[in-house]
Q: 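I have a structure I would like to understand better, so I am pasting it below and will then ask my questions one at a time.
Letters go in sequence order (proteins before strands), and every chain restarts at 1. Below, each value reflects all heavy atoms present in this structure, side chains not excepted, and no hydrogens, waters or symmetry copies.
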Amino acid sequence: MAGNFIHDEIEADLAAGHAQTVHTRFPPEPNGYLHIGHAKSICLNFGTAKKYQGLCNLRFDDTNPAKEEQEFMDAIKADVRWLGFDWQDRLFFASDYFEQIYQYAVELIKAGKAYVCELNADQMREHRGSIGQPATSPWRDRPIEESLDLFARMRAGEFADGQYTLRAKIDLASPNFVMRDPVIYRIQHGEHNRTGNDWCIYPMYDFAHPISDSLEGITHSICTMEFEIHRPLYDWVIANTSCPTKSRQIEFARLNLTHTVMSKRFLRRLVEEGHVRGWDDPRMPTLSGLRRRGYTPEAIRDFCERIGVAKAESMVDSALLEHCLREDLNTQADRVMCVLRPLKVVITNYPEDGREMLPIENNPEKPERGKRLLPFGREIYIEQDDFMEEPPKKFFRLKPGGEVRLKAAYIIKCEEVIKDEAGNIVELHCTYDPETISGGPSTKKVKATIHWVNAKECKTVEVRLYDYLFTADNPYDCPEGADFIDNLNPNSLEVLPDAKIEPIYVMPNERFQFLRHGYFCVDPDTENDHMVFNRIVSLKSSFKA
RNA sequence: UGGGGUAUGGCCAAGCGGUAAGGCACUGGUUUCUGGCACCAGCAUUCCUAGGUUCGAAUCCUAGUACCCCAGCCA
């Protein structure tokens, strides 16, 4: 893994003896699906641990039973594994530490460093103070014994939600609001998906996280920039409790990608309002969406490597992700010919019942992938776009009287354009030159080689072409009164129900390069007699009309 | 308006006082039975601005400017 400022810090810590090993963690809250932004964090945490021969834990930060679900935990584990990372036997849950966290809270109360407050949420807001104006709490000087008793009764379930909180006694006048006696425990009745009804009080993130890190022996707690102002509190908790080890929090900037949104809240809206077909819609930046689309874990890891890690807010161009994908798939994916929008071509000088099997390479980047045989015949389909009746000068595919090579077959010449009454081109009559068989002695050159399929021996398949979900680079950039939803790309999905593919057998999730089009993946909607392909990413093209 | 953070080409990003890495994008060209891939070449006299220190500054100092985050009993 390439270095970054976090690694510089880690190396300094190692050199100074502040840490002997490197132990990180990836701590998702199981309240949603992972997206490519999480992939950055996963690669950073697991990658950093590996770089320094350390370990990385997977820990669910499940301290808010109202939001968290088993479904998300299962999906998160599957996504992390799919991305290629292994937490071995180190799957942890903040909820495993509830009893210990509780005891640390008691310890704080006994030391006069925490107290039970009776302000409700609204009152606490009113007492929060403002810039230059300290917060207040009438309960700050409650006797230790009284807080201890109240806290025990909070745990025992004697009170209603919100009636009491436990607050750390730090500094009501701090310019950093996080330090103005933050709530560290709240009452929340309702079932927790792992601890059931064992608890009705739950620790806040700011209290549970440093303690969880410490209990697991985490040396470097890597998180995103918005937690930077929480770091004094993170350090305070470790310094003011007897928790076993000291961990250091280091923050980095989260990933933003052009043409998409990354916040869980907005992704949820896309799903719930039906703008996409689910969390795993191939247009979604979720790992499950990218997986279904056909993205490879290798490409995603490579992308996370290339974007770097820094503290400045940034928005990475989606073109980089696409580049990583093309680079990976170029060597991985076998080539196949598929005509997306078919145009029938009759080769008039080819025998009526003629048929021959022509060899074609599977992957020019990998000769060891060998060749396969393609059926050729008198009637074929070519791409509608590969013929133009009145082409611009730079167009060098098929035109009236013009010639092109059919990949792995012959050079054909367009003799006649057949149209219907409405003037639409319905068919082409061409002739072929038998001397120009691919691999043969002919030295005849033409400007273009196009793909084709045999009309008699091809399969009709459904192809789904995906484009950016949002037209704007930054979907949040919208006129006043508008919403990011208004930036949705109306053409983010185009379904082609009548594509023609050469006769092949496919495996679920298998990826191909459709020659001259792009990379495609078998979608799970595929059934025996109905194949569905997703376009993962198109090929680059330097053709300019 | 208090606190915290960040500013290097269109987009990321190295750089840590010795004279601006790399990738993506883009632009030319070579090659090609994929207008793909590969290959070659080009792409910041300048690092948010203005002063200062120094033989020498993107790097140090001073003063500004812009943007992001913070007043949940979310994480």
Q: Select base, sugar-phosphate, or nothing to describe what A/Phe227 touches, counting heavy atoms under 4.0 Å on all strands.
A: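 Touches a base.
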Q: Reckon A/Gly439 touches a base, only the sugar-phosphate, or nothing at all at heavy-atom distances under 4.0 Å?
A: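 It contacts base atoms.
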Q: Roughly, in whole Å, what's the span from CD1 in A/Ile131 to C1' in B/rA71?
A: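 Answer to the nearest Å: 8 Å.
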Q: Give the nucleotide from the list B/rG23, B/rA7, B/rA71 with an atom nearest to the side chain of A/Ser130.
A: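 Looking only at heavy atoms from C-beta outward on A/Ser130, the closest nucleotide is B/rA71.
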Q: Over how many whole Å does the gap from A/Phe177 atom CZ to B/rC69 atom P extend?
A: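 Rounded to whole Å, this separation is 16 Å.
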Q: Base, sugar-phosphate or nothing for A/Ala408? Non-hydrogen atoms, less than 4.0 Å.
A: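 Base, at least one base heavy atom under 4.0 Å.
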Q: How close or far is atom C1' of B/rG36 from atom CD1 of A/Ile360, stated in whole angstroms?
A: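 After rounding, the reported distance stands at 14 Å.
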Q: Could you check whether A/Phe395 gets within reach of a base, just the sugar-phosphate, or nothing at all, counting any heavy atom under 4.0 Å?
A: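 Touches a base.
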Q: Calculate the interatomic distance between A/Phe5 atom CZ and B/rU8 atom C1'; express it in whole Å.
A: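 Computing the A/Phe5:CZ to B/rU8:C1' distance gives 17 Å.
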Q: Provide, to the nearest angstrom, the distance between the CE atom belonging to A/Met124 and the C1' atom belonging to B/rC73.
A: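 Taking CE of A/Met124 and C1' of B/rC73, I get 6 Å after rounding.
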Q: Going by heavy atoms in the side chains, are A/Ile36 and A/Ile300 under 4.5 Å from each other?
A: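 Answer yes - side chains close enough.
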Q: Heavy atoms under 4.0 Å, any strand shown: does A/Arg405 hit a base, just sugar-phosphate, or nothing?
A: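 It contacts base atoms.
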Q: I need the CZ-P distance between A/Arg397 and B/rG36, as an integer number of Å.
A: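 From A/Arg397 CZ to B/rG36 P: 11 Å.
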Q: Which distance, rounded to the nearest 0.5 Å, do you find between the CE of A/Met1 and the OG1 of A/Thr48?
A: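 That separation rounds to 4.5 Å.
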Q: Base, sugar-phosphate, or nothing: which does A/Arg335 touch, judged by heavy atoms less than 4.0 Å apart?
A: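 Base contact.
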Q: Regarding B/rG36, can its base be found pairing with the side chain of A/Glu365 as donor and acceptor, where the two atoms are less than 3.5 Å apart?
A: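 When only heavy-atom distances are counted, A/Glu365 does reach the base of B/rG36 through a donor-acceptor pair under 3.5 Å.
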Q: B/rA71, OP1 or OP2 - any side-chain N/O from A/Gln133 closer than 4.0 Å?
A: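 Answer no for this pair, as no side-chain N or O of A/Gln133 is under 4.0 Å from OP1 or OP2.
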Q: Are any of A/Lys311's side-chain N or O atoms less than 4.0 Å away from OP1 or OP2 of B/rA7?
A: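 For B/rA7, OP1/OP2 do not have a side-chain N/O of A/Lys311 under 4.0 Å.
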Q: What nucleic acid atoms does A/Ile229 come within less than 4.0 Å of, heavy atoms only: base, sugar-phosphate, or nothing?
A: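 Base contact - A/Ile229 has a heavy atom under 4.0 Å of at least one base atom.
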Q: Which is true for A/Ala121 with a 4.0 Å heavy-atom rule: it touches a base, it touches only sugar-phosphate, or it touches nothing?
A: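 It contacts base atoms.
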Q: To the nearest 0.5 Å, how far apart are CD1 in A/Ile382 and NE2 in A/His451?
A: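 Taking CD1 in A/Ile382 and NE2 in A/His451, the distance rounds to 9.0 Å.
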Q: How would you label the contact of A/Asp61 with the nucleic acid (heavy atoms, under 4.0 Å): base, sugar-phosphate, or nothing?
A: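 Touches sugar-phosphate only.
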Q: Let's test your reading of the model: under 3.5 Å, does the base of B/rA75 pair with the side chain of A/His230 as donor and acceptor?
A: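 Check passes, donor-acceptor contact within cut-off.
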Q: Heavy atoms from C-beta onward define the side chain here; which of B/rC73, B/rC26, B/rG5 lies closest to that of A/Thr165?
A: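 Nearest nucleotide to the side chain: B/rC73.
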Q: Can you tell me if NZ on A/Lys264 sees more than 12 non-hydrogen neighbours from other groups inside 6.0 Å?
A: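 Buried by this count: over 12 neighbours within 6.0 Å.
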Q: Considering only residues two or more places apart or on different chains, which pairs with a residue in residues 323-333 of chain A satisfy salt bridge (charged side-chain N to carboxylate O under 4.0 Å, His left out)?
A: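 Listed by first then second residue: A/Arg306-A/Glu327, A/Glu322-A/Arg326.
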Q: Of the options B/rC73, B/rC74, B/rG15, whose atoms approach the side-chain atoms of A/Asp8 most closely?
A: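 When the side chain of A/Asp8 is considered, B/rG15 is the closest of B/rC73, B/rC74, B/rG15.
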Q: Are there over 12 heavy-atom neighbours, none belonging to A/Arg153, within less than 6.0 Å of that residue's CZ?
A: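 More than 12 within 6.0 Å, yes.
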Q: To the nearest Å, how far apart are A/Glu313 CD and B/rG4 P?
A: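 Between P of B/rG4 and CD of A/Glu313: 19 Å.
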Q: Just checking A/Lys51: does its NZ atom have more than 12 heavy atoms from other residues, nucleotides or ligands closer to it than 6.0 angstrom?
A: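 Yes.
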Q: Base, sugar-phosphate alone, or nothing: which one does A/Lys447 contact when heavy atoms must sit under 4.0 Å apart?
A: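 Result for A/Lys447 = nothing.
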Q: Using the side chain to side chain contact (heavy atoms under 4.5 Å, CB included) rule, take A/Tyr185 and A/Val116 through it: C-alpha gap first, then chi angles, then the decisive distance, then the call.
A: CA-CA 9 Å; A/Tyr185 258 95; A/Val116 171; over 6 Å; no
Q: Is A/Ser542 touching bases, backbone alone, or none of the nucleic acid, heavy atoms closer than 4.0 Å?
A: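 Answer is sugar-phosphate: A/Ser542 comes under 4.0 Å of backbone atoms only.
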Q: Between A/Lys540 and A/Asn4, which is nearer to the 5' end of RNA chain B once each is assigned its nearest nucleotide?
A: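 Mapping each residue to its closest nucleotide by heavy atoms, the 5'-most match is A/Asn4.
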Q: Indicate, with a heavy-atom threshold strictly under 4.0 Å, whether A/Val309 touches base, sugar-phosphate, or nothing.
A: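 Since only primed, P, OP1 and OP2 atoms lie under 4.0 Å of A/Val309, the category is sugar-phosphate.
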Q: Take A/Pro364 and A/Gly308, find for each the nucleotide of RNA chain B with the closest heavy atom, and name the residue whose nucleotide sits nearer the 5' end.
A: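 Mapping each residue to its closest nucleotide by heavy atoms, the 5'-most match is A/Gly308.
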Q: Among A/Phe98, A/Phe159, A/Tyr102, exactly one meets side-chain contact (heavy atoms from CB on, under 4.5 Å) together with A/Ile201. Which residue is that?
A: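 Filter result, single survivor: A/Tyr102.
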Q: Sticking with atom C1', work out how far B/rC26 lies from B/rU62, rounded to a whole angstrom.
A: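 Pairwise C1' distance, B/rC26 against B/rU62, rounds to 40 Å.
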Q: Indicate, with a heavy-atom threshold strictly under 4.0 Å, whether A/Gly162 touches base, sugar-phosphate, or nothing.
A: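 Here A/Gly162 touches the bases of the nucleic acid.
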Q: Hey, where does RNA chain B pair up into stems, meaning at least three consecutive Watson-Crick or G-U pairs with distances under 3.5 Å?
A: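 For RNA chain B the paired stretches long enough to count as stems (3 pairs minimum) are B:2-7 with B:65-70, B:10-12 with B:22-24, B:26-30 with B:38-42, B:48-52 with B:60-64.
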Q: Expressed as a whole number of angstroms, how long is the span from A/Tyr205:OH to B/rC70:P?
A: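 These atoms are roughly 14 Å apart.
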Q: Should B/rG9 be called syn or anti, with syn set as within 90° of 0?
A: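 Anti conformation for B/rG9.
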Q: Would you indicate what A/Glu327 reaches in the nucleic acid, counting non-hydrogen atoms under 4.0 angstrom: base, sugar-phosphate, or nothing?
A: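 Nothing, no nucleic acid heavy atom in range.
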Q: State, with a plain yes or no, whether a side-chain heavy atom of A/Glu502 is found less than 4.5 Å away from one of A/Cys458.
A: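 In short, these two side chains do not touch, never coming nearer than 4.5 Å.
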